[in-house]
Amino acid sequence: MLLKDRTAIVTGGGKGMGRGISYKYAEEGCSVVIADLDIENAEKVAAEITAKGGKALAIKVDIAKSDQVTKMVDQAIKQFGKIDILVNNAGGVPGTQGRGNTETITEAEWDKILDINLKGTFLVTLAVVPNMKQNRYGKIMSVSSMGAVSPSVSVLHYHAAKAGIMGLNLNLAFELAPYGINVNTIVPGPIETTFWDALMPPGETRDAFFAALAKHEVPLGRMGTPKDIAGTALYLGSELSDYVTGQVICVAGGLPMLSQEEVFNIERYLKNMKR
């Protein structure tokens, strides 16, 4: 077991990529704190892990609220004694209905999405670092987005926040290296999760878009799954990656770099779907 006797916090662990990571960590012997605003799903994941003999704790938290974050981390340490691994996975574009270009974005939406995706990552990281410094060990990874480095649609607030995560982690990797704390960034490609619900409702249109995207843009020819992300998160959370820090790892089936013609084709496809 690669994570025997380790403890991890996975934000947004109640669904999608976070759920996949939580399951994978538990299978490898890790005690998992599933931190999520959606406590119902978090508790379901925790229950499934414990039913299989693992250790898990579900905690409701809004990661954009520093007092809630501090309380969550304190509760995790009280329960399991330490924090070895942090996966900053929580994020998304809730409530924006796909808006986010220069013609549709609002200041309120900008603030909201930056809080969820960048400020939240900063606050949770800040809260776990003292315990990791004390133990002189830690594995921190944050989930960014392909849109931060090679956008196929314009979602200014989300992509700016996810690009900010890369800058934050590069600085953290430099600062925390003397304490034995590794900090890395995962950049998912097109992963089929509930994240897409805020941008494109489930149904035939989305299925057709996924099929076209996988066929024409992803070199490996398929959409990614939470399992694909969980494998990389396991590597970065285990001793296999002890000499890896300050890195950006794309888990994207061969992306990110699209030609300008490919970007134009995706944008044209999306515009046609809205007509």
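Computed from a predicted structure; not experimentally measured.
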S.K.: Starting from the C-alpha separation in whole Å, work towards a yes-or-no answer on side-chain hydrogen bond (donor to acceptor under 3.5 Å, both in side chains) for T11 and N88.
M.R.: CA-CA 6 Å; T11 68; N88 287 307; 4.6 Å; no
S.K.: Could you tell me whether K139 and D242 make a salt bridge, using a distance below 4.0 angstrom between a side-chain N and a carboxylate O?
M.R.: yes
S.K.: So how far is it from T50 OG1 to E48 CD, rounded to the nearest 0.5 Å?
M.R.: 9.0 Å
S.K.: Any donor-acceptor pair under 3.5 Å linking the side-chain atoms of T225 with those of D228?
M.R.: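 Yes.
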S.K.: Answer yes or no for R6 and F80: cation-pi contact, defined as NZ/CZ to six-membered ring centre under 6.0 Å and angle to ring axis within 45°.
M.R.: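 R6 over F80 ring: no.
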S.K.: I'd like to check T106 versus E109 (side-chain heavy atoms, cut-off strictly below 4.5 Å). Are they in contact?
M.R.: yes
S.K.: Does any part of the side chain of I186, heavy atoms only, come nearer than 4.5 Å to the side chain of V251, both counted from C-beta?
M.R.: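 V251 reaches I186 side chain to side chain.
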S.K.: Could you check whether any side-chain heavy atom of D36 comes within less than 4.5 Å of a side-chain heavy atom of K15, counting everything from C-beta outward?
M.R.: yes
S.K.: Looking at every heavy atom in both S142 and I165, which two are closest together, and how far apart are they?
M.R.: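 Heavy atoms of S142 and I165 come nearest at CB-CG2, 3.6 Å.
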S.K.: What's the shortest heavy-atom distance between K133 and L176, and which atoms?
M.R.: CE-CD2, 3.8 Å
S.K.: In this structure, are over 12 heavy atoms from other groups packed under 6.0 Å from K82 atom NZ?
M.R.: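 Atom NZ in K82 is packed in, count exceeds 12.
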S.K.: Would you mind reporting whether D111 and H157 have side-chain heavy atoms less than 4.5 Å apart?
M.R.: no
S.K.: Any side-chain heavy atom of E40 sitting closer than 4.5 Å to one from D38?
M.R.: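 Result yes, sub-4.5 Å side-chain heavy-atom pair found.
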S.K.: Tell me, with the steps shown, if T70 and D67 meet side-chain hydrogen bond (donor to acceptor under 3.5 Å, both in side chains).
M.R.: CA-CA 5 Å; T70 299; D67 58 335; over 6 Å; no
S.K.: Quick one, Y25 and I49 - any side-chain contact, counting heavy atoms below 4.5 Å?
M.R.: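 The answer is no; the side chains never approach within 4.5 Å.
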S.K.: Using the rule that Ile, Leu, Val, Met, Phe, Trp and Tyr join whenever any side-chain heavy atoms are under 4.5 Å apart, tell me whether I85 and V143 fall into a single cluster.
M.R.: yes
S.K.: Please check: side-chain N/O of N182 versus main-chain N/O of I140, any donor-acceptor pairing under 3.5 Å?
M.R.: no
